[in-house]
Amino acid sequence: MDNLNVMITEDEIQEKVAELAKQIDKDYEGKEPVIISVLNGAVFFTTDLLKKMKTPVELQFVQVSSYKGTESTGEIKMKKDLDISIKGRDVLIVEDIIDTGHTLKSLKSYLLSKNPASLKIACLNDKKARRQVDMEADYVVFNIEDKFVVGYGLDYNDKYRNLPYIGYFERIPELEQEDDRDER
Ligand code: IMP
Ligand code: MG
């Protein structure tokens with residue numbers, strides 16, 4: 001695919017995700033966390049991570065959309081909400097990327113309002129240079145530079161999610177990227 005470069009190879013992703021799985025197994029020993037995977041982008045990361053973990057888990061999916069163009073930062077709409085109560089449970093959010101931080105910040109406060117016993121975040125990619133709000137994940141697989149990335153779940157205009165590697169565009173294709181980030 002012209003204009004698309006490999007940033008992180010499939011092998012490197014698998015190796016680092018396996019390391020994270022081990023770490024999470026250690027940290028959650030004796031527990032049975034609820035994994036909350038954020039649709040659609042985190043699906044590939046979530047399934048690979050969970051397959052490499054030994055900890056028994058309960059898997060939930062949420063889908064959120066953000067209100068763009070307002071200053072009411074951190075306001076999200078749950079397009080798909082939890083199917084279970086997380087009260088008193090150990091919760092681990094699994095997300096594809098932290099960019100400005102708005103999505104995770106508001107999702108985190110929404111989930112905290114449900115009174116889990118604990119709440120942590122595992123994120124595949126972290127673009128620290130783009131942060132607008134104070135938001136850090138507990139586990140980060142890759143700290144990446146400020147480039148628009150696709151593949152391994154990440155999309156551009158809903159395409160490229162099924163690339164087995166993480167790639168970046170030399171030049172971003174036609175569409176304005178900002179308008180296109182509603183489906184987290
Ligand atoms: P935030 O609220 O700005 O942190 O937005 C995070 C969401 O924006 C992610 O869940 C992605 O859907 C999207 N996003 C941010 N950066 C990228 C990127 O480089 N490629 C693809 N999607 C991205
Ligand atoms: Mg997206």
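In listed order, ligands and their atoms are each counted from 1. Fair warning: this is a prediction, and the values are worked out from it, not measured in the lab.
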Check your understanding: What distance do F44 atom CZ and L49 atom CG have between them, rounded to the nearest 0.5 Å?
Key -> 15.0 Å
Practice item. Would you indicate which of I166, L124, V149, D96 comes nearest to atom 20 (N) of ligand 1 when only heavy atoms are counted? Key: V149
Review point. Between D155, T100, I97, which one has a non-hydrogen atom sitting closest to atom 1 (P) of ligand 1?
Key: T100
Using a 4.0 Å heavy-atom cut-off, which part of [X] comes near ligand 1: side chain, backbone, both, or neither?
{"X": "L154", "value": "side chain"}
{"X": "K127", "value": "side chain"}
{"X": "V38", "value": "neither"}
{"X": "E95", "value": "side chain"}

Review point. Can you check whether T55's main-chain N or O pairs, donor with acceptor, with D25's side chain at less than 3.5 Å?
Key: yes
Check your understanding: K147 heavy atoms, cut-off 4.0 Å: which ligand 1 atoms fall inside?
Key -> 19 (O)
Practice item. Run the numbers for me: atoms of ligand 1, each under 4.0 Å from some heavy atom of T103, listed by number. Key: 1 (P), 2 (O), 5 (O), 6 (C)
Verify the neighbour count for atom [atom1] of [X]: are there more than 12 heavy atoms of other residues, nucleotides or ligands below 6.0 Å?
{"X": "D134", "atom1": "CG", "value": "no"}
{"X": "K22", "atom1": "NZ", "value": "no"}
{"X": "K80", "atom1": "NZ", "value": "yes"}

Point to revise | Atom of V34, atom of Q60 and distance for their closest heavy-atom approach | key: CG1-CG, 3.9 Å
Review point. Any idea which heavy atoms bring P116 and L111 closest together, and the distance?
Key: CD-O, 3.3 Å
Among the heavy atoms of [X], does any lie under 4.0 Å from an atom of ligand 1?
{"X": "G101", "result": "yes"}
{"X": "R130", "result": "no"}
{"X": "R131", "result": "no"}

Exercise for review: Applying side chain to side chain contact (heavy atoms under 4.5 Å, CB included) between Y152 and each of D48, V43, I8, report the one that passes.
Suggested key: D48
